[in-house]
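Worksheet for the structure shown next.
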Amino acid sequence: MVGSAVSPVMVGRADEIAALRAAYAQARSARPVTALVSGEAGIGKSRLVTTVVRALPDDPLVLSGGCLELGSEGAPYVPFVAILRDLVRRLGRDRVAALLPAAGSTLGDWLPDLGPAPVRYTRTRLLEEMLALISQVAQAQPVVLVVEDLHWADASSRELFAYLVRNLADASVLLIGTVRTGELATGHPNRRLLAELGRGRDLVRLGLGPLEHRDVAELLEAIDGRPPDRSRSGAIHRRSGGNPLFVEALSTTDEASAADLRTLLLDRITDLPDLTHQVLSALAVSGIRLTDEVLGEVTGLPETQLLLALKDLAGRDLVVAGDEGYAIRHDLIREAVYASLPPAQRRRTHARYAAGLAARTPDSTALADHWTAAGEFEQALPAAWRAADRAGRQNAYDEQLHLLELVLARWTQVAAPSLLIHADRTTVLERAAAAAFAAGKSAAGVAHATAALAELDPESQPLRTARLLGLRGQSQSRVNGNGWDDLEHAVALVPPGSSDALRSRLLSALGFIGVAAHRLERSRQYAAEALTLAERLGDDGLRAPALLVLAALDGMDGIFEPARRTYAEARRAAESAGDEHTFLTTFQWEAGLMEAVGLYEQAAELAHIGQLAAERLGRTRSRGSMLANARAIHLRFLGRWDEAVAVVDDALADGPPPLYAAFLRLAAADIARCRGETDRLELLFRQVSEFARHAAGAAEAKAEFAVQRISWALEQGEADLADRILGELLSVAPATWPTHEVLRLAVLGARVQRARRTAAPRNRRVAAESADRLAELARMTDTVRAATPALTAYRLTFQAEAGSGDLPSWDAAVTAWRDLGNRYETALALTGAARIALASNNRPGARSRLREARALAAELAAEPLLARIDDVIAHGRLGDAATVPVRNDFGLTRRELEVLRVLARGRSNPQIATELFITANTVATHVARILVKLGVATRTEAVARAHDTGLLDP
């Protein structure tokens with residue numbers, strides 16, 4: 001028999017041990033902390049955690065659970081079910097039950113001993129009950145929650161883990177997660193989870209690297225009981241790569257190659273007796289801890305032989321015993337054993353294990369997975385169907401979708417599948433479409449709904465068809481903004497009196513899409529009828545979305561205070577009904593209303609509150625990303641551009657849906673353009689262009705993209721190109737736009753016409769085209785009847801740009817933007833006013849306006865605007881309008897002079913950018929202008945000319 005190859009002591013890791021102890025010390029003072037321990041397989045993550053928590057002071061309550069590789073997509077809340085079971089075992093069933101709601105707890109769905117769970121409950125309620133339970137337990141003693149193998153976490157466990165991280169407050173809780181590096185593909189949701197948690201404050205990241213040679217020597221000494229020969233320890237250190245599990249495996253052999261870990265680990269089981277190997281194989285197939293009773297059923301061994309085999313495995317350090325039974329000591333060993341099993345033996349063992357599970361947990365995901373692995377699809381299909389129903393009751397929609405798709409994938413592989421699950425394929429597709437919609441997987445929702453609709457006859461099954469059309473329409477709207485036709489068709493199939501609840505739900509969904517598509521009158525009719533039906537039924541879940549649509553429409557009509565009251569009522573109803581999507585959308589849309597009336601600061605704060613709520617509810621990717629977009633837009637208006645960019649970058653890191661990502665990139669692109677960050681702008685434009693090319697709808701995002709392309713063309717001196725894009729946009733879009741976007745486009749269009757006339761002052765054709773375009777824009781602005789501070793500012797700016805352009809008109813626009821706190825638009829209007837003042841020889845007036853405009857542009861680091869202001873100062877010979885003399889004989893601006901002086905010291909463009917805190921692209925632009933103004937061809941010639949003419953003198 002092979003001797004022990006497991007070290008009885010922990011070696012190395014002194015810094016990591018200290019960090020975990022420090023985290024616990026903070027948590028013990030009621031300041032919750034999360035620690036993420038990461039590293040490659042076998043590096044010692046679990047050993048580190050076990051070693052530390054075993055020796056923590058104040059006798060903390062340590063509760064642990066692990067995520068499973070097998071069934072990780074379909075089994076919800078796996079580690080937390082284990083944690084709850086651990087808690088009940090430690091405190092007793094009665095004490096735990098006393099901490100739960102007396103009327104019944106959602107956690108009864110996990111452990112029936114805790115009492116029957118409500119028939120239906122929201123996902124939020126389950127999250128809050130688990131949070132409340134842990135918080136209450138932590139009042140009596142510190143709690144350490146350990147969740148192993150987060151890389152395998154199911155979607156529901158991922159959300160609950162993040163929920164606890166965000167919402168544990170004033171509780172003595174240390175939450176520890178272990179993560180195996182190299183397991184997650186780019187874009188995997190668990191990778192996004194770890195990135196998101198990494199942006200939190202109270203998080204400790206511990207990345208375990210390889211052991212050093214001295215640590216390997218110490219580990220070998222602990223295993224062998226004597227100091228190792230230095231040459232042997234050096235060889236093992238090299239061959240193991242410093243991985244402790246490799247070291248342990250190599251400690252018993254001098255021949256195996258560390259390049260093949262599987263061979264190393266399997267070497268330790270080659271001499272196992274047949275019965276012992278049979279027990280080890282059963283444990284490898286199960287993937288979880290098994291009791292003596294279950295192991296006996298799976299292996300068919302008598303109790304005496306089973307216990308002897310387990311004793312042998314424990315003596316070889318291959319199996320460990322715990323309160324819940326026996327498990328293979330390390331996942332790498334389990335994986336190696338499982339991979340080594342002949343396929344036929346593997347299938348037989350899965351089948352025996354499934355047969356044992358069938359009597360205990362007939363609706364478990366594990367049962368479906370084991371029957372599938374056994375190739376017994378006639379058993380797997382009904383097991384997966386039952387497990388999907390259970391996952392749906394628990395609001396574990398990702399897992400429900402996975403199980404339903406498993407049913408669909410095996411549908412043609414069994415005889416009479418409908419008899420097996422007592423449901424037809426259309427029903428499975430319908431439930432899959434609903435689960436996909438609830439899980440935020442809209443493309444899958446569209447596909448499943450389309451497949452189900454192909455099997456239905458609308459005349460004989462109108463309500464069922466309507467439900468599916470509604471699901472497809474709502475899913476499609478999240479993909480690309482479409483879905484109107486499906487929803488109108490669905491409403492037509494549900495006449496009044498046939499199903500009031502379904503009709504109300506469909507009407508609200510139609511109104512919701514209509515708001516985004518600016519079909520306002522019809523949306524109001526739909527929402528009003530939906531609310532009437534909801535009130536008649538007394539259903540908050542139906543009232544909330546109808547109220548949301550009506551609030552948005554009131555806001556668009558300029559009825560500000562009633563709209564805010566309706567938003568508040570919609571938010572209350574949505575929260576009461578557990579409708580997270582509507583609840584979070586109220587924050588987003590109400591922030592948009594506050595923007596329209598110029599309350600940018602309050603709008604940004606409201607969007608932030610909604611964003612935090614989305615994080616708390618695990619909706620960071622979906623509603624959270626749109627709330628981030630709303631917040632970034634308002635921060636942009638306030639001139640808090642660095643904050644806005646950080647908000648966008650954080651939201652994009654979470655991998656939001658394509659439409660939401662496009663909006664976020666457009667917000668960032670607007671700032672990049674205003675700052676002259678050409679590389680970043682072009683990248684963002686390419687990404688949005690790629691989205692637009694493949695999106696069938698998304699009219700609002702495409703229109704915003706067109707507006708930004710117009711602005712960029714204007715910035716680059718391509719006024720004719722800007723006008724061409726403007727003409728294309730005017731032919732299709734503005735009639736369906738929000739009012740402030742209509743006026744924003746009008747202002748931009750007027751600037752385009754001014755640029756065209758300035759570039760060709762004597763061209764009659766351009767003058768005539770420009771006049772026609774301005775008349776068209778004026779007619780468009782006349783359609784806007786509402787009058788809010790923001791709309792007034794846009795209207796005054798348009799009048800100044802397109803009308804007589806006298807100084808009082810410009811000053812009125814300046815005052816409007818200044819009162820709103822929009823610093824960039826204020827600077828633009830001040831620059832326009834200064835030009836008019838100069839034209840009338842009002843030099844003091846021009847000077848004062850340019851001084852203010854320049855200060856604002858400098859604060860914003862708006863380099864292109866700063867350059868334009870400096871050009872106006874230069875051409876007007878208003879050098880004292882800047883903080884330092886700006887002009888010289890060659891017409892260099894202050895910034896160009898700064899760039900020239902750094903360039904003269906032999907610096908490259910990136911070095912100049914670093915020194916002056918601008919981008920390399922901006923430097924390149926300045927250098928090109930310097931060469932033109934100095935009349936030279938090279939940088940060397942520019943420096944020589946500057947020296948000769950005294951430009952570089954102090």
Side-chain angles (χ1 to χ4, degrees), residues 636 665-678 680-686 688-689 692-693 699-735 737 740-781 794-795 797-803 805 813 824-825 827-829 831-832 835 857 862-869 871-872 921-922 925 929:
R636 184 190 76 197
R665 290 186 173 111
L666 286 166
D670 201 38
I671 295 172
R673 176 185 58 79
C674 291
R675 281 186 160 169
E677 297 171 344
T678 307
R680 178 169 170 80
L681 178 68
E682 290 178 349
L683 172 62
L684 291 165
F685 271 11
R686 283 197 301 273
V688 175
S689 179
R693 187 162 46 250
E700 188 177 351
K702 291 177 180 178
E704 171 65 19
F705 185 33
V707 167
Q708 294 209 28
R709 287 172 56 221
I710 294 169
S711 299
W712 181 235
L714 199 56
E715 295 275 359
Q716 299 302 299
E718 298 283 350
D720 288 340
L721 172 61
D723 187 59
R724 187 160 64 251
I725 302 170
L726 174 66
E728 294 170 357
L729 196 54
L730 286 172
S731 68
V732 295
W737 279 21
H740 66 285
E741 292 294 347
V742 170
L743 293 183
R744 176 183 169 215
L745 180 63
V747 169
L748 181 58
R751 287 174 181 153
V752 171
Q753 303 320 309
R754 176 166 52 80
R756 293 184 72 207
R757 292 194 306 272
T758 301
R762 295 184 177 83
N763 189 315
R764 293 181 180 180
R765 179 185 59 80
V766 169
E769 290 175 354
S770 180
D772 289 344
R773 184 75 83 201
L774 286 172
E776 181 182 7
L777 293 170
R779 288 192 297 272
M780 184 178 74
T781 62
Y794 279 120
R795 188 176 281 111
T797 307
F798 176 74
Q799 292 167 357
E801 290 277 11
Y824 186 73
E825 290 292 341
L828 283 176
T831 306
R835 284 198 308 268
E863 289 291 335
L865 176 57
L866 205 55
R868 290 203 300 275
I869 292 170
D871 283 343
V872 176
N921 279 329
T922 301
T925 300
R929 289 174 180 167

Shortest non-hydrogen contact between [X] and [Y], atoms and distance:
{"X": "Lys702", "Y": "Ala692", "value": "CE-O, 3.5 Å"}
{"X": "Leu714", "Y": "Ala722", "value": "N-CB, 4.2 Å"}
{"X": "Ala862", "Y": "Tyr824", "value": "CB-CE1, 4.1 Å"}
{"X": "Val707", "Y": "Leu748", "value": "O-CD2, 3.5 Å"}
{"X": "Tyr794", "Y": "Leu743", "value": "CB-CB, 3.5 Å"}
{"X": "Val752", "Y": "Ala719", "value": "CG1-O, 3.7 Å"}

Next item on the list: For side chain to side chain contact (heavy atoms under 4.5 Å, CB included), just list the numbers for Thr781 and Arg795, CA-CA rounded to whole Å, side-chain angles, deciding distance to a tenth of an Å, and then say yes or no.
Entry: CA-CA 8 Å; Thr781 62; Arg795 188 176 281 111; 5.6 Å; no

Check: After noting the C-alpha distance and the side-chain angles of Arg673 and Asp670, does the key distance pass the salt bridge (charged side-chain N to carboxylate O under 4.0 Å, His left out) rule?
Finding: CA-CA 5 Å; Arg673 176 185 58 79; Asp670 201 38; 2.7 Å; yes

Notebook entry, point to check: Heavy-atom count around Arg693 CZ within 6.0 Å, excluding the residue itself: above 12?
Noted result: yes

Note to self: Measuring only between side-chain heavy atoms, which start at C-beta, is Leu726 closer than 4.5 Å to Gln753?
What the structure shows: yes

Notebook entry, point to check: Are any non-hydrogen side-chain atoms of Val742 and Met780 less than 4.5 angstrom apart?
Noted result: yes

In Å, rounded to the nearest 0.5 Å, how long is the span from [atom1] of [X] to [atom2] of [Y]?
{"X": "Glu825", "Y": "Thr797", "atom1": "CD", "atom2": "OG1", "answer": "6.5 Å"}
{"X": "Asp720", "Y": "Ile725", "atom1": "CG", "atom2": "CD1", "answer": "11.5 Å"}
{"X": "Leu681", "Y": "Arg675", "atom1": "CG", "atom2": "CZ", "answer": "13.5 Å"}
{"X": "Phe685", "Y": "Arg709", "atom1": "CZ", "atom2": "CZ", "answer": "8.0 Å"}
{"X": "Thr831", "Y": "Leu866", "atom1": "OG1", "atom2": "CG", "answer": "9.5 Å"}
{"X": "Thr678", "Y": "Glu863", "atom1": "OG1", "atom2": "CD", "answer": "11.0 Å"}

Item checked: Residues Glu776, Arg779; criterion salt bridge (charged side-chain N to carboxylate O under 4.0 Å, His left out); working and verdict -> CA-CA 5 Å; Glu776 181 182 7; Arg779 288 192 297 272; 5.5 Å; no

Check: Less than 4.0 Å between a side-chain N and a carboxylate O, is that true for Glu715 and Arg868?
Finding: yes

Checklist line | Salt-bridge present (Arg744, Glu741; N to O < 4.0 Å) | finding: yes

Checklist line | Check: Glu801 side chain, Arg751 main-chain N or O, donor-acceptor pair, under 3.5 Å | finding: no

Check: Any chance the side chains of Ser770 and Arg756 put a donor and an acceptor closer than 3.5 Å?
Finding: no

Notebook entry, point to check: For the side chain to side chain contact (heavy atoms under 4.5 Å, CB included) test, which of Arg636, Glu677, Arg680 pairs with Ile671?
Noted result: Arg636

